[in-house]
Each structure stands twice: as structure tokens, then as C-alpha cells.
Amino acid sequence: MEQKELDIITRMNDKYIKMSKGHKAIAAYISDHYEQAVFMTAAKLGETVGVSESTVVRFAMGLGYAGYPEFQKALEEWVKSKLNSVQKIGAKYGKSTQTEILHSVLNADIEKIKDTIVNLDAAAFGAAVDIILEAETIYLVGVRSCEPLADFLHFYLNMIRGNVVLVKTTSVTEMFEQMIRIGNKDAIIGISFPRYSMRTLKAMEFANDRNAKVITITDSIHSPMNLYSSCNLLARSDMVSIVDSLVAPLSVINALVVALCLKRPEMVKQNLEMLEEVWNNYQVYLNDEINFIDEEPMLNYPLMKQEEELS
């Protein structure tokens, strides 16, 4: 594909790994704050990011533009295309009934899960399970629409094992502060889907530089999230809508949680029993919750099934 055919964000993603520190800072700011960047002069953008105006101009030319004005025009066109998502919905669903919309969206989600089943690398999935179990500390990063996925995974990983850090921040500086102790015995899980987060990418780059294991949950082999990851879990997410469909990524995360539980059932059982004891001692639920420790629906059923097959 010729350079002229690539949109501005794709150009930044393709060239990011070879950029200088100053250019990476500009790319990260534009990716996460394009609504503000589109109105900035080269001098203002440089001042905001902390680089010179000439660095901003060289950044624009490095992406293949004649100068900053052409770069800014390309950014404006890209922003307009994103803001036209409501029109895309109108074209797809404008004359549909509410029931037809419901069926259409659910069927689209089903197709994404089917596609994920076909394209997800089973070896990468198995490697991710082993990395998560063996790492001293797990760091989780997911921003914007991916933040709920990171929250969900953090909730269950915290029940399965200790030392799980959910990186929550609105700036790259704060992100690095929370990851300052990451090392070669640790692992990071970065979750990002279009539009990709440069904050998440920079966190994964930082972890990779510290020789930590890097796992990514993203949508395609062309995702920039794969640049620093040795374990890529791919799940479809695209949809003609205001929001992206995250059903398939959530299913992959569910599968990770179940696989982790079944690989270390005794450890999970011990942690849950400890939590149950704490809840009872401090009357957290006042005994009005189902006792999953006794019934163990998730842990026992697959194990019992294996025992029956062996007998």
C-alpha cells in the first residue's frame, strides 16, 4: 500500500518503533488527545508535549507529509471520519426495527466470537496462562473503552493469585511511576483495540525494555500492540457503531480465567476459602450469598469429568 493511501494514525503506528523519543511523545499525545491536537499549531503542540516546534515539523515530514499544514489537514480529515460514525449507523440501521437492530448486533457479536475461535493461536493462549502463573507480579493496562476489560481481569486474577497491579492513570508519567519496579521476573498484559492507545503501547515498550514478559490482547496481527509482545491473543472487535464490540475480547479473558483456575485448582480453592472466611468473620455479605466454596461449580465439574473418563 502506498504511503498516500495510509491514514495518519496508521502511519504513526507503522513508524512508531523506529521513532526518536521526542517523536514518540508527539505520536502518543496525538493518539490519546487528537480532539485537541487537531486545533493546535506546531508551536502549541510542541509546547504541550515538551519538544521544539522544529521537532514537530520534522515529525510531520517523517510521516511523509510536505510540512505541518499538510499533516494537520490529514489529522482533521481523520477526526472528521471518526465523528461520522453516527452517519454510518444511520446507513446500516436507519430503517431497521428495534428487534432487527437487536438481532443484527447480537449476530455480529456471534460472528466475531466464531472468527476469534478460528484465528486465536492456541499455543499463544497456553503460553499466556503459563506466564501469568509463573510471573512474580502481573501488571494490567487498559485505557478508555478497554479499561473495563482490565478491571474485570484484575478482579479475577486477584482472586487466583497475588501481586496483581492494575495500572490506572491518565498520563504516561503516572503510568511509569506505577510500573517503576517491573523487571524480568514480572509480566504485563496490555489490552487495546482500535483506536489503539499509545499510553498502553508505551507501557508495553517500557516493560519490554525491562525484560518483563509481554502479553497483548488486541484485534489483529497488524495491531501496533504486537510490536513489543511475544504472546499475542487476537480477538475481533470491529463494528459499525458508536462503540466497538468487546464481546470476543471478554470471552478470551473469560477463557484465560477458567484455564488459570483449572491449572492451579488447589491454589484457587485455598484463596477462595480464605476470602470466604474473611467475609464471614466481618459479615460482609451477612450470609445471604450462595456458598460457592461448598458447591465449587467451576473447579470441580471439569475435574470430576476427567476422573469419570479415567475410571
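Between F71 and Y68, a ring centre-to-centre spacing shorter than 6.0 Å is recorded.
The closest donor-acceptor contact from the side chain of R199 to the backbone of Y29 lies at 3.5 Å or more, if one exists at all. Within the 3.5 Å criterion, the main-chain N or O of I221 finds a donor-acceptor partner in the side chain of N226. R161 places a side-chain N or O within 3.5 Å of a backbone atom of E136 that can act as its donor or acceptor partner. When atom types are taken as modelled, the side chain of Q72 and the backbone of M40 share a donor-acceptor pair closer than 3.5 angstrom. In this structure, the side chain of R11 engages the main chain of L63 through a donor-acceptor pair within 3.5 Å. A donor-acceptor pair under 3.5 Å links the side-chain atoms of N119 to the main chain of D115, judged by distance alone. Checking side-chain atoms of S197 against main-chain N and O of S192 turns up no donor-acceptor pair under 3.5 Å. Listed for the R210 side chain is a donor-acceptor partner under 3.5 Å among the backbone atoms of I180. Here the side chain of D219 pairs no donor or acceptor atom with the backbone of S237 at under 3.5 angstrom. Side-chain N or O atoms of Q178 include one that pairs as donor or acceptor with a backbone N or O of K168 at under 3.5 Å.
Atom CE of M159 and atom NE2 of H154 lie 11.0 Å apart (nearest 0.5 Å). The CG atom of L246 lies 6.0 Å from the SG atom of C146; values are rounded to the nearest 0.5 Å. Atom OH of residue Y16 and atom CE of residue M12 lie 10.5 Å apart, to the nearest 0.5 angstrom. Note that CZ of F39 and CG of L45 are 14.0 Å apart. Values are rounded to the nearest 0.5 Å. Within the model, atoms NZ of K202 and NZ of K21 stand 9.5 Å from one another, a figure rounded to the nearest 0.5 Å. Note that the NZ atom of K114 and the CG atom of N107 stand 8.5 Å from one another [nearest 0.5 Å].
Side-chain contact annotation: S229 with N232, donor-acceptor N/O pair under 3.5 Å present. With hydrogens and angles left out, the side-chain atoms of S52 and T55 include a donor and acceptor closer than 3.5 Å.
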For L157 and I138, what are the C-alpha separation, side-chain angles and deciding distance, and is it a side-chain contact (heavy atoms from CB on, under 4.5 Å)?
CA-CA 9 Å; L157 283 187; I138 297 288; 4.2 Å; yes

Are K15 and F59 close enough, and set up right, to give a side-chain contact (heavy atoms from CB on, under 4.5 Å), and what steps lead you there?
CA-CA 11 Å; K15 293 180 177 292; F59 171 80; over 6 Å; no

Working note: I26 + V51, criterion side-chain contact (heavy atoms from CB on, under 4.5 Å); need CA distance, chi angles, decisive distance, verdict.
CA-CA 8 Å; I26 298 170; V51 300; 3.9 Å; yes

For I189 and I217, run side-chain contact (heavy atoms from CB on, under 4.5 Å): C-alpha distance rounded to whole Å, both residues' side-chain angles, the deciding distance at 0.1 Å, then the answer.
CA-CA 7 Å; I189 303 174; I217 301 176; 4.1 Å; yes

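Under 4.0 Å is where a charged nitrogen must lie from a carboxylate oxygen, and between E134 and K185 no such pair does. A salt bridge links D130 with K263: the distance from a Lys NZ or Arg NE/NH1/NH2 to an Asp or Glu carboxylate oxygen falls below 4.0 Å. Salt bridge R181/D186: absent, no basic N to carboxylate O contact under 4.0 Å. A salt bridge links K24 with E205; the closest basic N to acidic carboxylate O contact falls under 4.0 Å.
No side-chain heavy atom of L140 sits less than 4.5 Å from a side-chain heavy atom of V167. Counting only heavy atoms from C-beta outward, the side chains of V38 and W78 never approach each other to under 4.5 Å. In this structure, I113 and D109 have side chains that are not in contact, with every pair of non-hydrogen atoms separated by 4.5 Å or more. Side-chain contact between V129 and L256 is present, with heavy atoms from C-beta onward closer than 4.5 Å. No side-chain heavy atom of L153 sits under 4.5 Å from any side-chain heavy atom of L166. Side-chain atoms of L133 and L260, non-hydrogen and from C-beta on, do get closer than 4.5 Å to each other. Using a 4.5 Å cut-off on side-chain heavy atoms (C-beta onward), T216 and L233 make no contact. The closest side-chain heavy-atom distance from E70 to K73 is not below 4.5 Å.
Residues I131 and C231 approach most closely at CD1-CB, 4.4 Å, considering heavy atoms. Between A235 and F193, the closest heavy-atom pair is O-CE2, 3.2 Å. Contact between L75 and A37 at its shortest, heavy atoms only, is CD2-C, 4.0 Å. Contact between M198 and A28 at its shortest, heavy atoms only, is CB-CA, 3.3 Å. For the residue pair A203 and I188, the shortest heavy atom distance occurs at O-CD1, 3.9 Å.
The number of heavy atoms from other shown groups lying within 6.0 Å of OH (Y156) does not exceed 12.
In terms of hydrophobic clustering, with Ile, Leu, Val, Met, Phe, Trp and Tyr side chains grouped at heavy-atom distances under 4.5 Å, L234 and V141 are assigned to different clusters. F155 and I132 fall within a single hydrophobic cluster, where Ile, Leu, Val, Met, Phe, Trp and Tyr side chains are chained together by heavy-atom contacts under 4.5 Å. Cluster annotation: F152 and V247 are assigned to distinct hydrophobic clusters (Ile/Leu/Val/Met/Phe/Trp/Tyr, side-chain heavy-atom contacts under 4.5 Å, transitive).
Residues satisfying the ring pair (Phe, Tyr, Trp, His ring centres under 6.0 Å) criterion with Y196, sequence neighbours excluded, are absent altogether.
If you run side chain to side chain contact (heavy atoms under 4.5 Å, CB included) between I191 and each of T218, T200, I253, only I253 comes through.
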